[in-house]
Student: 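What follows is a single structure, and I will ask about it in a moment.
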Protein chains: 2
Amino acid sequence: MAAYDHPDPATFELILVLRALADPARLDIVRHLGRVGEANCATLIGTRPKSSMSHHFQVLRESGVLRTRIEGVQHRNSLRFEELDARFPGLMTAILNAA
Amino acid sequence: MAAYDHPDPATFELILVLRALADPARLDIVRHLGRVGEANCATLIGTRPKSSMSHHFQVLRESGVLRTRIEGVQHRNSLRFEELDARFPGLMTAILNAA
DNA sequence: TGCTTTGTTCGAGTTTTGTCGAACAATATG
DNA sequence: CATATTGTTCGACAAAACTCGAACAAAGCA
């Protein structure tokens with residue numbers, strides 16, 4: 001498996017980040033990653049099928065919200081917190097702290 | 001025209017707020033209101049038809065992002081900044097400050 | 001090599017969301 | 001009252017997004 005493309009922080013777009021966050025499954029993923037730091041896809045799948053989750057990871061990745069590191073057969077995801085915070089200060093903090 | 005219903009801050013939902021913000025037209029409206037404080041609908045209409053804008057105002061209103069005050073024939077809109085900030089600290093500030 | 005694990009890609013179907021003209025409602029003003 | 005102004009509602013259509021099974025791909029291991 002080739003490594004994923006991740007957008008450069010300079011090209012992050014607020015509207016894409018907001019769209020990525022504006023879905024229950026993805027917001028769950030983001031919050032989970034906010035707590036545990038890094039997790040592979042399987043860990044983050046609840047009852048949803050793999051193909052749905054793969055789609056959500058793609059949306060989050062392409063908007064810049066998370067990065068996916070490949071290690072063997074597992075894909076390890078983590079928030080791009082510092083980069084997001086540099087570009088949109090306070091945004092992710094607000095999301096992660098929201099009730 | 002009867003006054004609008006505005007949701008109570010206790011019932012604000014992050015996912016609805018994010019969905020409301022995750023649209024170019026609505027993000028424009030929000031940012032404009034962030035600058036000018038209050039504006040009627042006509043002021044905020046660019047090239048889009050009234051019916052489209054009316055829809056966007058409804059989405060923003062129902063999510064709690066803005067309030068609409070009726071004065072004569074005009075509908076004056078303003079952000080519910082304090083209430084949003086109390087419920088989701090830092091969120092609107094981050095949105096309004098974003099590049 | 002064959003099997004298992006982990007996750008992607010494809011394609012089709014469903015649902016949600018946005019768009020916008022036309023008709024309508026409320027208020028003000030001549 | 002007639003007309004203009006401001007904005008909503010309705011309905012139909014278009015576009016975007018989510019869902020998910022099935023087939024596929026890569027890596028590791030027996």
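In what follows, chains carry the letters A, B, and so on, assigned in the order in which the sequence lines appear, proteins first and then strands, with residues in each chain numbered from 1.
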Student: In whole angstrom, what separates A:Tyr4's OH from C:dT6's C1'?
Tutor: 10 Å

Student: Rounded to the nearest angstrom, tell me the gap between atom CG in B:Leu60 and atom P in C:dG18.
Tutor: 10 Å

Student: Quick one, A:Asn40 with A:His75, criterion side-chain contact (heavy atoms from CB on, under 4.5 Å). Give me CA distance, side-chain angles, the key distance, then yes/no.
Tutor: CA-CA 5 Å; A:Asn40 64 348; A:His75 294 199; 5.7 Å; no

Student: For B:Lys50 and A:Asn40, take the nucleotide of DNA chain C holding the closest heavy atom to each; which residue's nucleotide lies nearer the 5' end?
Tutor: A:Asn40

Student: What is the separation between atom CZ on B:Arg19 and atom P on D:dA17, rounded to the nearest whole Å?
Tutor: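 B:Arg19 atom CZ is separated from D:dA17 atom P by 13 Å.
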
Student: Look at all strands and tell whether A:Arg76 reaches a base, only sugar-phosphate, or nothing, counting heavy atoms closer than 4.0 Å.
Tutor: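 Here A:Arg76 touches no strand at all.
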
Student: B:Ile70 has an atom CD1; how far is it from atom C1' of C:dA26, in whole Å?
Tutor: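 Atom CD1 in B:Ile70 sits about 9 Å away from atom C1' in C:dA26.
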
Student: In whole angstroms, how far is the P atom of D:dA17 from the CG atom of A:Leu16?
Tutor: 9 Å

Student: Got more than 12 heavy atoms from elsewhere within 6.0 Å of CG, A:Asp5?
Tutor: no

Student: Taking C-beta and beyond as the side chain, do B:Leu91 and B:Leu14 meet within less than 4.5 Å on heavy atoms?
Tutor: yes

Student: Spell out yes or no: do the side chain of A:Ser51 and the base of D:dG21 have one donor N/O and one acceptor N/O closer than 3.5 Å?
Tutor: yes

Student: Measure the distance from CD on B:Glu71 to P on C:dT27 and round it to the nearest whole Å.
Tutor: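 In whole Å, C:dT27 P lies 13 Å from B:Glu71 CD.
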
Student: Do B:Met53 and B:Lys50 touch side chain to side chain, with heavy atoms closer than 4.5 Å?
Tutor: no

Student: Compare side-chain N and O positions of B:His55 against OP1 and OP2 of C:dT19 and report whether any pair is under 4.0 Å apart.
Tutor: no

Student: Could you check whether A:Arg61 gets within reach of a base, just the sugar-phosphate, or nothing at all, counting any heavy atom under 4.0 Å?
Tutor: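 The answer is sugar-phosphate, as A:Arg61 gets under 4.0 Å only of primed atoms, P, OP1 or OP2.
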
Student: Looking at the base of C:dG18, is there any donor atom on it, or on the side chain of B:Ser52, that sits under 3.5 Å from an acceptor on the other one?
Tutor: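 Absent.
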
Student: Nearest heavy atom decides the nucleotide; on that basis, is A:Val73 or A:Thr68 closer to the 5' end of DNA chain C?
Tutor: A:Val73

Student: What is the separation between atom CD1 on B:Ile15 and atom C1' on D:dC18, rounded to the nearest whole Å?
Tutor: 13 Å

Student: Whole angstrom is fine here: how far is it from CD in A:Gln58 over to P in C:dC10?
Tutor: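 Those two atoms, CD and P, are 10 Å apart.
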
Student: Reckon A:Arg48 has a side-chain N or O less than 4.0 Å from the OP1 or OP2 of D:dC18?
Tutor: no

Student: Treating Ile, Leu, Val, Met, Phe, Trp and Tyr as nodes and any side-chain heavy-atom pair under 4.5 angstrom as an edge, say whether A:Tyr4 and A:Phe57 lie in one connected cluster.
Tutor: no

